[in-house]
2 protein chains.
Amino acid sequence: MTLSEQKLSKSATDNAYLLTSVFSELNGAVLNVPAGKVLAAQGEDVRSVFRIDRGFVRICVYTEDGARRIVGFSGAGSIIGLDQLNHPSWNVAVEAVSHCVVVAVPKAFVNRQIEADCRVRDGAMRCLQDEIEQREAHLVMMGILPSSERVHAFLSTFAKLRAREGFLVLPMCRRDIGDYLGLSMETVSRSFTALREMGRIELKGAERFRIVEEQDASVDHRAA
Amino acid sequence: MTLSEQKLSKSATDNAYLLTSVFSELNGAVLNVPAGKVLAAQGEDVRSVFRIDRGFVRICVYTEDGARRIVGFSGAGSIIGLDQLNHPSWNVAVEAVSHCVVVAVPKAFVNRQIEADCRVRDGAMRCLQDEIEQREAHLVMMGILPSSERVHAFLSTFAKLRAREGFLVLPMCRRDIGDYLGLSMETVSRSFTALREMGRIELKGAERFRIVEEQDASVDHRAA
DNA sequence: CGCGGTTTTGAGCTCAGTCAACGTACGTGG
DNA sequence: CCACGTACGTTGACTGAGCTCAAAACCGCG
């Protein structure tokens, strides 16, 4: 696993399909969540597990002194809360970054399905394993990369996750990115500028970006 | 979950007892691992899952450019590798920090037991959930605390995990602590010195330490 | 067109990294 | 037993990446 392959939620969605049967609209409520709304507050009782069907959420941790860290972003297809099934209350907050459509399935129902259906159990374990992998990749990145490289890795991952050509819209603001990458809002902004000036990304306004594919500097051109 | 309650492996061992039946000596090999030895190399095929019965291991990630990050330490009672069950090869390395006694149980057997025994399944899921919680706490700490506070939080956690009075022996060296906390070896050393001079820890040589209980500065003494 | 929020840019400062020297503990072999 | 070597830890001087505070620019919207 290279740093640039660090995941936001890609393989999580690859495995989440194993849980399709559980997150049917028959088993839970379909919620329409406006941007900024809190889906689950830190400390609140865990009642449901969510599947994101549209939009983007951030997973936040608030510390005693009011600081916020974002430990992950998740987009359509991701399942949120499998790691909370044995907790009485949420130890993270789940907040909509953009307008979201979410299926909320009662925790007890999810637990029963895990008990009853070995495909569901397998899917849930794979999702948890993916989450561990994501957190570890995040941790490694935070420890090693300088600011601009972190921002570039973040944008690359985001772009790969979307796997679409052309400019992409970033749903989250600079502060969110900063809280995710362990940088100040200003440093994130400066990194955007630096990457643009280096020709490694293109920007349209503050929200739209495109990764410029770069030659791998480690490739030895003498071979050509 | 406060930062000072951040876990190395405490609750992991609380849940690992649910898997006692799987990690019986009858089901796997008991290994005697000298300090420094690699239990599982990054990239190596996943053949076994381990339970640490004595000693301490570090979970490492090596990047392409040779840098090392430590994503966790685990002590007696912890189970290592449940997050690797669906991976062909280890995406982390497991290395003995001190002399260890380890039970290695074949991956296929663990998978079968998870399939067959719902207590085992439940235990495995709880262990995975704990691991996510640990990684998230680690991530939060890395993003927020300055160097000395990180070292103090690390030592506090280590001490709570051991839950013993008096001086404790740190099995890992300064560089290991640095790679875990995202600090250089020198900064870790300076933090030890600073904490000692502040009277927040006591040291006997480089390896033995004791946390000095401190008054919570946020307590308002006018109330007394 | 003006307003509020977000982003960008600038200036100064600080914490932690690097490089380098020195200290300390331990094990080996003369 | 002591001299030596090696590995680890500590300390110092210097440097620089990123933080803070502050101001300006930009954008969407009523």
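Sequence lines set the chain letters: A, B, ... in the order given, protein chains first and strands last, and positions in each chain run from 1.
Between A:A206 and A:S184, the residue anchored closer to the 5' end of DNA chain D is A:S184, taking for each the nucleotide with the nearest heavy atom.
Without hydrogens or angle criteria, B:R69 side chain to A:L139 main chain gives a donor-acceptor distance under 3.5 Å. Looking at A:S98, its side chain does come within 3.5 Å of a backbone N or O of A:F56 through a donor-acceptor pair. With hydrogens and angles ignored, the 3.5 Å screen pairs a side-chain donor or acceptor of B:R174 with a backbone N or O of B:A206. Without hydrogens or angle criteria, A:Q84 side chain to A:N91 main chain gives a donor-acceptor distance under 3.5 Å. Remark: the backbone N or O of B:L181 is paired with a side-chain donor or acceptor of B:R150 at under 3.5 angstrom.
Looking at heavy-atom distances under 4.0 Å, B:G178 makes no contact with the nucleic acid at all. Residue A:S147 is in sugar-phosphate contact alone, with no base atom involved, counting any heavy-atom pair closer than 4.0 Å across all strands shown.
Atom CD1 of A:I144 and atom C1' of D:dA17 are 17 Å apart (whole Å). The nearest whole Å value for the distance from the CG atom in A:L181 to the C1' atom in D:dA17 is 15 Å. One can place CG of B:D176 at 13 Å from C1' of D:dG9, the figure rounded to the nearest angstrom.
Within residues 185-194 of chain B, the residues approached by DNA chain C to less than 4.0 Å at the level of any non-hydrogen atom are B:E186, B:T187, B:R190, in residue-number order.
First and last contacts of DNA chain C with chain A, using any nucleotide atom under 4.0 Å from a protein heavy atom and ordered 5' to 3', fall at C:dT7 to C:dA11.
Residues B:V33 and B:V57 fail the side-chain proximity criterion, which asks for heavy atoms closer than 4.5 Å. In this structure, B:D53 and B:F23 have side chains that are not in contact, with every pair of non-hydrogen atoms separated by 4.5 Å or more.
Around CD of B:E44, the count of heavy atoms belonging to other residues, nucleotides or ligands within 6.0 Å exceeds 12.
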